[in-house]
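Beneath this line is the structure, given in C-alpha cells, with notes to follow.
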Number of protein chains: 2
Amino acid sequence: MTRRTLEDVARAAGVSLATADRALNGRAGVREQTRRKIENAAQRLCYRPDRAAAALARGQRWRFCFVLPAGDNVFMNQLAEAVRETAAWMAEERADIELVHVDVFDGPVLARELARLGPRYDGFAIVALDHPAVREAIDALVADGRYVVTLVSDVPTSRRHHYVGLANFAAGRTAGTLLGRFVGARLGTVGVIAGSLALRDHAERLAGFVQALSEVAPHLDVAATREGRDDRERTQEATEDLLGAHPGLVGLYVIGAGKRGAVAALEIARRAGDIIFVAHELTPDTRRFLLSGTMAAVVNQDAGHEARSAARVLLAYCEDRAINAAQERIRIDVFVKDNLP
Amino acid sequence: MTRRTLEDVARAAGVSLATADRALNGRAGVREQTRRKIENAAQRLCYRPDRAAAALARGQRWRFCFVLPAGDNVFMNQLAEAVRETAAWMAEERADIELVHVDVFDGPVLARELARLGPRYDGFAIVALDHPAVREAIDALVADGRYVVTLVSDVPTSRRHHYVGLANFAAGRTAGTLLGRFVGARLGTVGVIAGSLALRDHAERLAGFVQALSEVAPHLDVAATREGRDDRERTQEATEDLLGAHPGLVGLYVIGAGKRGAVAALEIARRAGDIIFVAHELTPDTRRFLLSGTMAAVVNQDAGHEARSAARVLLAYCEDRAINAAQERIRIDVFVKDNLP
DNA sequence: CTGTTAGCGCATTCAT
DNA sequence: ATGAATGCGCTAACAG
C-alpha cells in the first residue's frame, strides 16, 4: 500500500495535475464544482501531500530576521547562540535566518530599524520593547504582509501573529510560591529587586510574585521593590540596602539580571544560604549558586526552545500550516540543584 | 547568492553528478584522489545537501514501531496519545509509526513479541522492562540492523542506541529536595510509597529521594518504603498504614501511580495540605491536587516531548544524521500550582 | 477555467 | 572507476 500522489487524485477526479494542485492549494481559477470533485477524491484516497516534493518544486526560501537587544546580558547571549544554532538547522528547512542586534530599549530606534529591515524579510522574531513606536512599527510590518512573532518580551496590543515566551505573571507566581514555601513558618521580610518596573515582563513577574507569596505565606512582609537596572553593581547596592533596612530578611527575589551582585552582598553579610534566594534564568552563574546552596531555585525559560519555536512558528505561518500548540508552549521551568540539565 | 547544489560541486571538481554523489555519501567506487578533490570542492563552496530533494529522490519511507505496555495507566495513555500525534506529524517526514501494546511486565512475552515484530520495522521505541530476556531481544534487534531506543524505562546493559527518558535518580533527588525544603524545620517522619522496587525506575527514584532528603533535611526520619503496586486501593491502604504507624508524618512521596488512593487516605485523615505531598507525572488528577493544595509539587516527564524525541532520534539514526543533544534531553519538569501548562 | 510541460536537487539505474 | 540519463511528487509558467 504505497502512498497516494497528487497524480492519483487528479486521475480519480478526472482532471489534470495542475487543476488538482490549484484546487487543493486554494489557488484561484477552479470552478466550485470541480474543486469539490477534487476534494472528494483527495479525501477518498487519503491523499497527504509530500512536503519534500512541494518544497523542492517551490524552490523558494524564506528569509527570517531575529532582532535581539544589543548588549551583553547573559540570557540574551544564550538566546543569540540558540538563534545561531536554529539558523543552522533551519537552513535545511529552506529558511535563512539572520540575527540583528538593536538597541531595543530605545523605542523609536527599534521602530526605525524595523521599518528599514521590513522589505528584506518574510518574517520577524523580535525581542520587543512595549512602546507605542514599536507597536506601530510591528503593525506596519504586519500590514505589509510580514509575519511577526514577539520573542521573550511581548507587545500584546500590537498585531503580532504570535508571542513566544513566558507567561510572566505565572512565572512570578511560581517564584513566589517556591520562595514562600521554602521560607516556611519563619517570620520576616522578603526583598525584591527588579531590573526596571518600566519593563513589562518585570512588572508582571513582580505582581505575580507578590500575589502568590501573600497566598502561601501571608505572615511575611514584602519590602519596597528596589530597581537594580539589570546591573551587577547596582543590584549589589540594592541588596546591601535591603539587608541594612531589614535585619529580619528571610527571602530575596531578583527579577532580572545582576544576580552576581546580589550574591556578593549576601556573602559579605554572611547570609548566603540562610536567606532563601530565588531568581530567573539558568546561566553558568545561577547554576553555580544553586549547587553551592546560595540560591534555592531558579525559574527559567529555555532559550533554545524559544529560538526553535519562533522559527517553527514563522515557518508554519509562511507555509500556511497549523502550529502544534503543545510543542510551542514555552514552559516555566523550575530548577533546583538536583534537576539541572 | 543562491544555494550551491551537488551539480555545482561536481562541476567545480571536474567530475559528474553521480561521482560527486557517491563521494559525498560515502558510497563505494570512487578513487581516493577523486574523493578528496570532490570533498574539497564541497568544502570550498559551502555545499549543504538539500534534504527535500534527497528525500524525494530516495523515496523510501521508514517504518518505526512503538511498543507500549498494555493496561490503562494514565501516564501511559498520555504517552500513547502523544505517539499518535507524533505519527501524524512524522507521516510527512517519510516515516510511518505504528503503535503496539504488549504486556511489557512479562519479560519473555515482551521478548517474543519483539522478535516477531523485528523484521517488519526499521526502528523501535520500547518501554522496556529490564529483564534478561528483554535485553537479549533488544540486542538481537540491534544485531539485525534495527535501530532501538528505550523509552521512559531503560535497559542500560543492552545495546540499545539511545535512551529517551528521565534520569530517574536525579528525578528522585529533585523530589527529595523539594519535599525536604517544603517541610522546612518541622520535625517528623516522611513516608514513601513505590509501585514496586523491582522496577528499576522506582528503585532509582527512591535512592535519589532518600539521598537528597538526608542532605537537605537531615532532621527528618524516613519510614520504611511501602509498595502500592501502582494501584489505587493498595496505595490508599499503604497510606493509611503509614498514617497509623507515624502520627508525626510530615511528608509523603509517591513514586508511581495510585496517587488518588493516597489523597483519599490523606483526606479521610484530614491531613491533606498539612502533610507535604510530592509525586510524579502531571495528569488531570495531580493537576487538581496541586490546585487544591493537597499536593505541593509534581516531578514530571513530558510524554509529548518523549514521543517526539524518540521519533526524531530514530529518524536521525536511519538517515545517519547527528542528533541535537540539547533538544533531545528529557527535562525533569517541576510543577507547582502556578506554572501548570 | 483547465491542461501541458519543464524543471527543482538528488539518488539510482545502466552504460562505458 | 566514472558518466549519462531517468524519475521522485509537486509547483508554476505558459498554452489553450
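The chains referred to below are lettered A, B, ... by the order of the sequence lines, with proteins before strands, and numbering in each begins at 1. Reckoned from all heavy atoms, side chains included, excluding hydrogens, waters and symmetry mates.
R35(A) comes within contact range of no nucleotide atom at all, as no heavy-atom separation falls under 4.0 Å. Backbone-only contact: A54(A) has heavy atoms under 4.0 Å from sugar-phosphate atoms and none from a base. Among the protein residues, G59(B) comes within range of no part of the nucleic acid, since none of its heavy atoms lies under 4.0 Å from any strand. In this structure, L56(B) reaches the bases: a heavy-atom distance under 4.0 Å links it to at least one base atom across the strands shown.
Heavy-atom distances to DNA chain C give each of R22(B) and T5(B) a nearest nucleotide, and the one nearer the 5′ end belongs to T5(B). DNA chain D is contacted by both A52(A) and R31(B); R31(B) maps to the nucleotide lying nearer its 5′ end (nearest heavy atom per residue).
Comment: R116(A) engages E113(A) in a salt bridge, judged by a side-chain N to carboxylate O separation of less than 4.0 angstrom. The pair D302(B)-R331(B) does not meet the salt-bridge criterion, since no charged nitrogen lies less than 4.0 angstrom from a carboxylate oxygen.
Rounding to whole angstrom units, CG of residue L45(A) and P of dG9(D) are separated by 14 Å. Whole-Å rounding puts the Q60(A) CD to dA13(D) C1' distance at 16 Å. Across the protein-nucleic acid pair, E7(A) atom CD and dC10(D) atom P stand 9 Å apart, rounded to whole Å. To the nearest angstrom, P of dG9(D) lies 11 Å from CZ of R61(B). Summarising the geometry, the separation between CG on L6(B) and P on dC8(D) is reported as 20 Å, rounded to the nearest angstrom. As a whole-Å value, the separation of L17(B) CG from dC14(C) P is 18 Å. To the nearest angstrom, P of dG7(C) lies 18 Å from CG of D21(A). Counting to the nearest Å, the P atom of dG9(D) and the OH atom of Y47(A) are 10 Å from each other.
Annotation for V152(A) and Y163(A): closest pair O-OH, 3.0 Å, computed over non-hydrogen atoms. Of all heavy-atom pairs between R63(A) and R120(A), the closest is NE-O, 3.2 Å.
Under the side-chain hydrogen bond (donor to acceptor under 3.5 Å, both in side chains) test applied with S309(B), the options R329(B), E328(B), H162(B) reduce to a single match, E328(B).
In this model, the phosphate group of dT2(D) is not approached by any side-chain N or O of S16(B) to a distance below 4.0 Å at OP1 or OP2. A close approach under 4.0 Å does occur between a side-chain nitrogen or oxygen of R27(A) and OP1 or OP2 of dA12(D). Between dT2(D) and T34(B), a contact under 4.0 Å exists linking OP1 or OP2 to a side-chain N or O.
Here the side chain of A57(B) is nearest to one of dG3(C), dT2(D), dG9(C), namely dG9(C). Comparing atom distances between the R58(B) side chain and each of dA11(C), dT2(D), dT2(C) picks out dA11(C) as nearest. Closest approach to the D50(B) side chain among dC10(C), dT11(D), dT2(D) is made by dC10(C) (side chain taken as heavy atoms from C-beta onward).
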